[in-house]
Every structure is written in structure tokens, then in C-alpha cells.
Asker: 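Quick one: the structure is below, questions incoming.
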Amino acid sequence: MAEGNKIFGENKNWDRKLEKNTAERLNSLRWDFSPYSEKKIFSIDTPPPYTSGRPWHLGAAAQYSKIDGIARSQRMLGKEVLFPIGMDRNGIPVERYAEKKHGIRMRDTPREKFIELCRESLDELEKEMFEILKSFAYSADFDRVYRTDSEDYRKLTQSTFIEMWKNGRITRGTRPSNYCIDCGTTIADAEIEYKEMETDLIYFYFKIKDSGQKILVASTRPELLGACSAILVNPSDERFKDVINKTAITPLYNKEVKIIPHGYAKTDFGSGAVMICSYGDYNDIMIIKELQLTENIVIDTDGKMNENAGEKLKGLKIKDARKEIIDMLKEGGYVEKIEKIQHRTPICDRSKTPIEIIPLDEYYLKVTDIKDKLEELANELKIIPEQHRQILINWLKVSADWPISRRRYYGTEIPLWYCKNCKEPYVPEEGKYYQPWKEKPPQGAVCAKCGSSEFIGDDRTFDTWMDSSVSALYVTKYLSDKNFYEKTYPLSLRTQGIDIIRTWLNYSILRCYQLTGKLPWEKVWIDGMGLDEHGEKMSKSKGNGIDPTIVIEKYGADAFRFWAASEALPGSNFLFSESRLQGSSKFLTKLWNVARLINQFGNYEDFDETLLNESDKWIISYTEKLTEECRNSYEELNSFIPANKVREFIWNVFAPHYIELVKARAYGEGFSENEKKSAVYTLNYVLKRLLLLMAPITPFITQTLWEELYGGESIHYQKMPEAKKYDGNILLLGDKIMEFDSGIWNAKKEGKMSLREAIKAVVPPELKPFEKDLRGMHNISD
RNA sequence: GGGCCUAUGGUCUAGUGGUUAUGACGUCUGCCUUACACGCAGAAGGCCGGGAGUUCGAAUCUCCCUGGGCCCACCA
């Protein structure tokens, strides 16, 4: 206590320096989870943050601080809380990061070496992320961090894949992929750049079958004419009303294609009629899928035209084929005109070559046949806030089978081999981590079809969402501990951002349902986005990301956490604002000074509550009502309400009215010993309660004040008190007290009196029980 | 371009059919009142984005428009 007084004496403001004094004790608190606890289990599936070159900006840190508030409040509400922390470490972002950092290209680097470089980067980046999390006292189980690229985790991803394979949930199909002809590989969306390039827009005619009519089509990709499977015109376009739904004949190829009315065709571009080819661009993919048109591929992976393009074009490179076919169209008299246009072209970010869309053989996870069931599950799930359910439902409605294989290096390997003789896939047993690109299949592997024992490993990896979509299974020990799994699955809660509903939420439900037949959680808590001060999403490309460490160093972690909790209701977007953050920091200083004052008076813990003064009964009733509101909100995973209610109470009621009302009594000036004790007891009663109510949101200041004033076990091991019965009538009288105070203050102000000066005033009859305190507070004379 | 969400004093936010619309930050005025000047007290500031409708009555419900956000797709 003596030391405590010293801390109070020297520090009039709460700041980062004081937080750092407490940080070590705060971060060393442990909450070991036991599935056998008698307490109610509350298990949380938290997002494993992506460990990549992507900066961990303030919006993300704010979200994690709110999630931590949920875990802390649930502990204080008496639950046994499973609060794991994972690191998502698979996939393209880290590959790109390593490429940039070392100035290398993934496919020019030996795979083994490249993986090693990725892992080094991940370890460095991960360290920084742990530091950030600990800087604001994230209270997850850091002793058991999981990593999605660990052998154990990848084993789970692979085992669940094998299980699904055996259940017939995996299919093969071709998928239009980005392909760079110069690099000779598929490229990821992240590796695509867009560049304005000048291109020829060719206007040429198709004949209409069984009539003398023609239709004029404009295309930048005439070499795909052989792949044309439909012509689209806008249904409202008067120019085409005579030919809609008729059949056109492709020039040169003489194939029949339908003229289909579709909103995708814009009346003001080109001729208004667009030909759909497999595949000119991504819209073609959408349209071909939507209208169930047949694809006809005319370009091979070497960038040359194939036999489907016809004798004259076969073997030509795309550019040459385009020239050739334009000449052929001209010769045939089909061409109306050629326009030069600026065209935003997708190009490979390395070779700067325009990308081609070419179908490749990929694995899919079946979705379409269980869409209805998934929608039913999505409706059963409790979603906070409710309004975000629609986003999930909308995606479920349009979801197709999920392509899960990727031609990348740093990811969980697809655990398959293929028979050298007959190409039949060989699937190993679950329960082991496999690396088919460098390992032989398990000993004794024999092809089920032809009996051969020679195999080639699949060198692809999974889409990263294949890993993260089973986080709910990993943290509940689906594979490794049956008892644990049964006690913890389904989990109580999934927490995540609104931006990954289509991916993480959607795929997790899909995968976990397919494997367990159940929803993975009871509730999902979906937070909004942290936006910059202009309301735009923080991102590396925009350069508007704000570094949370700088903000935390400047204003303190609790100010940051309090700001995050109090700024917006869960689910709403929140804009970064330095001045509001400052406001939070001022509030904490206010609380600090309230505690400094109360600390001076000591405490009388054994005071008999039946002897309480009326003013004290008033503020205690107020406190109980506040407790009720806060507890209810915490039960509903909402810290916005507690943060704001507590701030309003402290700043608008407790400090200006109650404390001023009883200050003289607490000092013992002109009051009996019992009256003094009653005030001091109540001041501590309320402060203690406020600290408990705020502990989940602001762990540093509450830990510090609790240590200084009340000692004993950490505040974070305490239970959130239940609200006692309170007197509604006295609360109404309290409002009158506050009105009376304002009246006096106004009168003194108008009379240019100092607040200490004596004033003549009449205390209204209903405030008689408070008269002595009021007279002391305002220095009222007769 | 498509889907969804959203719009409250200078800035942010509560409120979700019914008397004078909540609070914070900022602004202005006056105060160092033995916890706090990162404070105290007081004040100004809002046709609740625009338009139409439902209703006895709308910030609150419906439709349209406009701005913003998220995800998806990116113009033959």
C-alpha cells in the first residue's frame, strides 16, 4: 500500500509507462482450460491471424482486442473458457513476401529451398504479431500456439481430405485458370496486374440461319471465334429485337450459336452484340456456367492454337492467329470495321504477358448437392449481429463446388499419388502428414486398378481455406483427443470479421458439417471493419494502414482497447480517430484520479450496510442498476454497452455529483465517524464494482488499481458480481439531486461567485434526506 | 458492373412509430473549488442524406434517388 500511494502521488495521469509496470504481471496470468471443469464450458474459435507481409493494421488489432474482451468477460461470468491462438501460415501471401524479400521467383527456386525461405519469413513475422498481441494483453493460451503449417495441423487438413475422398465428396473437373504462356504456369489472382493497352476491336458479321439477316458482333479476341458458344445482346436493345433467340452461323467455322438476350451485353459498347468464348475473360466463365453452354478450347497451354481452332490456325501463337483470322475474315467479307480501343488487360506481373484463361484439371469439394442443408444450418446458427446473416445466406445460394487444388509451393500438400502405369490415384491412410512431391507413397502401396507399385506424387497444394476451415476441429482435438473433442465440440462461439464471411465462415460450416454432421459452433460474432479516418478500408496497396504499435505506445493499450470497445456496436464498421482515442485516454485518467482520491480515505470493509446514509444508498442503487445492464450485455458478447454505460456513469454521475456530495463527509469535516465511514465504504464499494465491470475491456488499469487498492488475487481471476436488488425510487430522487446541483452551479455562475462561496438556498422537501450532504457540497447558508 | 449493408449537430455515436432526439470529441465563455487544467461549471450548435408513400402520428416502416462501406466481378 505504501508503494501504491507513491505511484498515485507521482502520477496524475494514466499512461503507457504505468501500463508497462503492470504488463508483466498481467501477461503472466494463466487460464488453463480443462474440459472436465465443473464450470460451463465456453469455447471460442478465433481467427488465426495471417502471418504475412500484410501489415497487421490497427483495424485488425482492434478486432482482436474486442475478442479478448469477450474471452475475459466470459471468464469473469464464471465460464471455463477455451481461448486458443493460432497462426495462419499457408498460402500465396507469404510466398509473395519471400519472393520480394529475396528477389527470387518461386518456380525458379528449388521447392525445398523456397519453402525454407518462406518459413524463415513466417517465423520473423509471427514474432512481431505475438508482440503486438501481448502489448494489449491478449489473453489467449500462448503456451499452446497452433500453426496451420505445422506437421500436426497439416495432418488434420490431409486426414479430413482423405475422409472426404472416401466419402465421395471430392470430384475432379476442369477449371478455367489464369495461365501465363511465357512463364508456362498458372498464376494466382494476386499475381495479375491490369494495364491499359491498345487493342483492335473487330466488328464483323455473323449470318442468321435460314434468313438473309446478319448480326454485327464486336470482339477484341477474334482468334477465339472457333470457341464461340453464344452471342449475347441486351434484351432492351431495339437493334436486335428481330434476331433475339434466333441462331447465328459463325463465320469461317460455320457453327450454329444462339443469340441470347442478356443484361451483360451493354448497348453502348461495340456493336451491342458480344460473343461468348471459352475463355476470353472471366465474364465468359460466368456466362458459360450460367447458361450451361459447352466449352470448346482453342488454345493450348503452350500458348498455341490447337486443332479446335481449325487447320489454318493450328500451331500458331495467339498474336499470329489473331492477325491470320482477321485477314481471313476480311477475305470472306465479314469485317465491317476495325477500331482502336484502350483495353484494360490482365497481365502477368512478372513477364507482363497478357494472361490466358485455360482449363486445367483440378479437384473440387462437392457443395451443390448439400446447398439446401447448408442454408438450413445457416439459419439455425445464432449470428451477432443478426443483420450479417444475409451475407452468408446470399453466398450459400450462389455457391458452386469449391475448387480446392492449387499449383503452389507453400501449403498443405494434396496427399495423393498416381500410378505411373495407369494414372489411377492412390490415397494413403489418414493420420499421417504426407509430402507426395518429395516422398514415395507408404510402403507396400499398390495400384488398386493395375497392381503396379510405381507412383508419381501430386505436386499441388490445397487452397489455404482448406486448412483454416477446420480450425474448429483442430482446437477441439478432433483427431487427437476424443474426450476433449466431445466436451468442446460444437464450440460456443466463432469470432471473425465481416470480410471473410464468404470464405472462412462459409467454408468452415461446409467442411465441419461434412465431417461431423453438425454446425461447428452455437454462435458467430461478426465484427465490422476498421476503417481509416476517411472511412476507407486500411490496406497495404492504399498505404493507409495505421500501425497499432505506434498508437498503443502513444495512448496506451487500455485507451486503445476502450476506444475499440466503445466506438461502435459489434458488427458495425468503425473509423479510426485520433481525437476519440485521446478521449478514451482522458477517461482512463479520470478513473485513475477517482481512484487516487478514494485511496486517500482508506477503507472500512466491515461497515454495516444498514447504517448507510441516504446519499450512499442512492449511488449504490445506481451501481446495481449499472451492474445489471453491463452483465446482461457481457452475456450477449457486447462490450460496447458496458464501456459506454460505465463511462457515462463515472463522468456524469459518480464523479461530479456523488463524489462532490460526499467529499466533505469522507474527509470527516463536520460529520460523525459513522457518517464518514459510510461515505468511504460506499466510495470503495462503487469503485471496486466499476473496476470489475471494466476489467474485460481495460485489463491494465483495472489490474493496477485492484493491486494498489484491494490487493489479493488478480482482478482478472474475480467473478463479475451479480447485481443486487436496487431501489428505483431513490434513483428518481438522485435525478433531482443532480438537477438541484445544476441549479446551484448556475446560480453561482450567474452571480459570478466561486463554487466554494456560501450561497443562500432552499433544499426542496423531497431532498431532505440528502440535505446535510448538499449543504456541505454547495456551502449552503441559511 | 452485381449482391448485401449503411446514412443522426463540425466529427463520431445511442435511439428503432408517440411529449422539449442520447452521449462523446471538438468549439465558445468563466473558473487552478485541498482526485484530476488530459480538470470543473456553463453555453452555442441538429428541418435525424434528398424525394415520395403508409399512418391520427416517422429519425424510426415501404419505395426511389444520392453518398459511403464490404464482398464478388472487372468490361467484349
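The figures here come from the full heavy-atom set of this structure, side chains too, leaving out hydrogens, waters and symmetry mates. Chain letters run A, B, ... following the sequence lines, proteins first, then strands; residues in each count from 1.
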Asker: Once you round it to whole Å, what is the distance between C1' of B:G42 and CD of A:E750?
Answerer: 9 Å
Asker: Would you indicate what A:A595 reaches in the nucleic acid, counting non-hydrogen atoms under 4.0 angstrom: base, sugar-phosphate, or nothing?
Answerer: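 The residue A:A595 makes no contact with any strand.
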Asker: Against the six-membered ring of A:W504, is A:R494 placed for a cation-pi contact (under 6.0 Å from the centre, within 45° of the normal)?
Answerer: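 That pair qualifies as a cation-pi contact.
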Asker: For nucleotides 1-4 of chain B, tabulate all protein N/O to nucleotide N/O atom pairs closer than 3.5 Å, reporting atom names and distance.
Answerer:
none

Asker: Considering every strand and a 4.0 Å limit on heavy-atom distances, what is the contact class for A:E660: base, sugar-phosphate, or nothing?
Answerer: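 If one applies the 4.0 Å heavy-atom cut-off, A:E660 turns out to touch a base.
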Asker: Both conditions, 6.0 Å and 45 degrees, for the charged tip of A:K66 above the ring of A:F574: are they met here?
Answerer: yes
Asker: Quick one: which protein N/O atoms are closer than 3.5 Å to N/O atoms of nucleotides 20-25 of chain B? Pair and distance per line, please.
Answerer:
from: B:A24; atom 1: OP1; to: A:N652; atom 2: OD1; distance (Å): 3.4
from: B:A24; atom 1: N3; to: A:R580; atom 2: NH2; distance (Å): 3.0
from: B:C25; atom 1: O2'; to: A:S579; atom 2: OG; distance (Å): 3.3

Asker: With sequence neighbours left out, what residues match A:Y279 under ring-ring contact (aromatic ring centres under 6.0 Å, His included)?
Answerer: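 Not a single residue meets the ring-ring contact (aromatic ring centres under 6.0 Å, His included) criterion with A:Y279.
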Asker: Could you pick out which residue, A:F640 or A:K663, lies toward the 5' side of RNA chain B when each is mapped onto its nearest nucleotide?
Answerer: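 The answer here is A:F640.
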Asker: Identify whether any heavy atom of A:G272 sits under 4.0 Å from a base atom; if not, whether one sits that close to sugar-phosphate; answer base, sugar-phosphate or nothing.
Answerer: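 Result for A:G272 = base.
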Asker: Establish, with yes or no, whether the OP1 or OP2 oxygen of B:C71 is under 4.0 angstrom from a side-chain nitrogen or oxygen of A:T503.
Answerer: no
Asker: Does B:C40 have its OP1 or OP2 closer than 4.0 Å to a side-chain nitrogen or oxygen of A:K749?
Answerer: no
Asker: Counting any heavy atom closer than 4.0 Å, what does A:S742 reach on the DNA or RNA strands: base, sugar-phosphate only, or nothing?
Answerer: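 Counting heavy atoms under 4.0 Å across all strands, the contact made by A:S742 is with sugar-phosphate only.
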Asker: Are there runs of at least three consecutive Watson-Crick or G-U pairs touching RNA chain B, with each pair's two distances under 3.5 angstrom? Give them by first number.
Answerer: B:1-7 with B:66-72, B:10-12 with B:23-25, B:27-31 with B:39-43, B:49-53 with B:61-65
Asker: May I have the list of side-chain donor-acceptor pairs in residues 749-760 of chain A shorter than 3.5 Å, sequence neighbours left out?
Answerer:
from: A:S754; atom 1: OG; to: A:R756; atom 2: N; distance (Å): 3.1
from: A:S754; atom 1: OG; to: A:E757; atom 2: N; distance (Å): 3.4
from: A:E757; atom 1: OE1; to: A:S754; atom 2: N; distance (Å): 3.1

Asker: Give, ordered by number, those residues of residues 214-231 of chain A having at least one heavy-atom distance below 4.0 Å to an atom of RNA chain B; if nothing qualifies, reply none.
Answerer: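 A:A218, A:T220 - these, ordered by number, are the residues of the stretch whose heavy atoms sit under 4.0 Å from the strand.
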Asker: Quote, to the nearest angstrom, the P distance that separates B:A14 from B:U8.
Answerer: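 Comparing P positions in B:A14 and B:U8 gives a spacing of 10 Å.
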Asker: Mark yes or no: A:K214 above the aromatic ring of A:F206, with NZ or CZ under 6.0 Å from the six-membered ring centre and no more than 45 degrees from the axis.
Answerer: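 Checked: cation-pi criterion not met.
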Asker: Side chains of A:N599 and A:R596: donor-acceptor distance under 3.5 Å anywhere?
Answerer: no
Asker: Mind telling me whether A:F654 and A:Y658 have parallel, tilted or perpendicular rings, with 30° and 60° as the class edges?
Answerer: parallel
Asker: Looking at A:K12, does any N or O in its side chain come under 4.0 Å of the phosphate oxygens OP1/OP2 on B:C36?
Answerer: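 Affirmative; the distance criterion is met.
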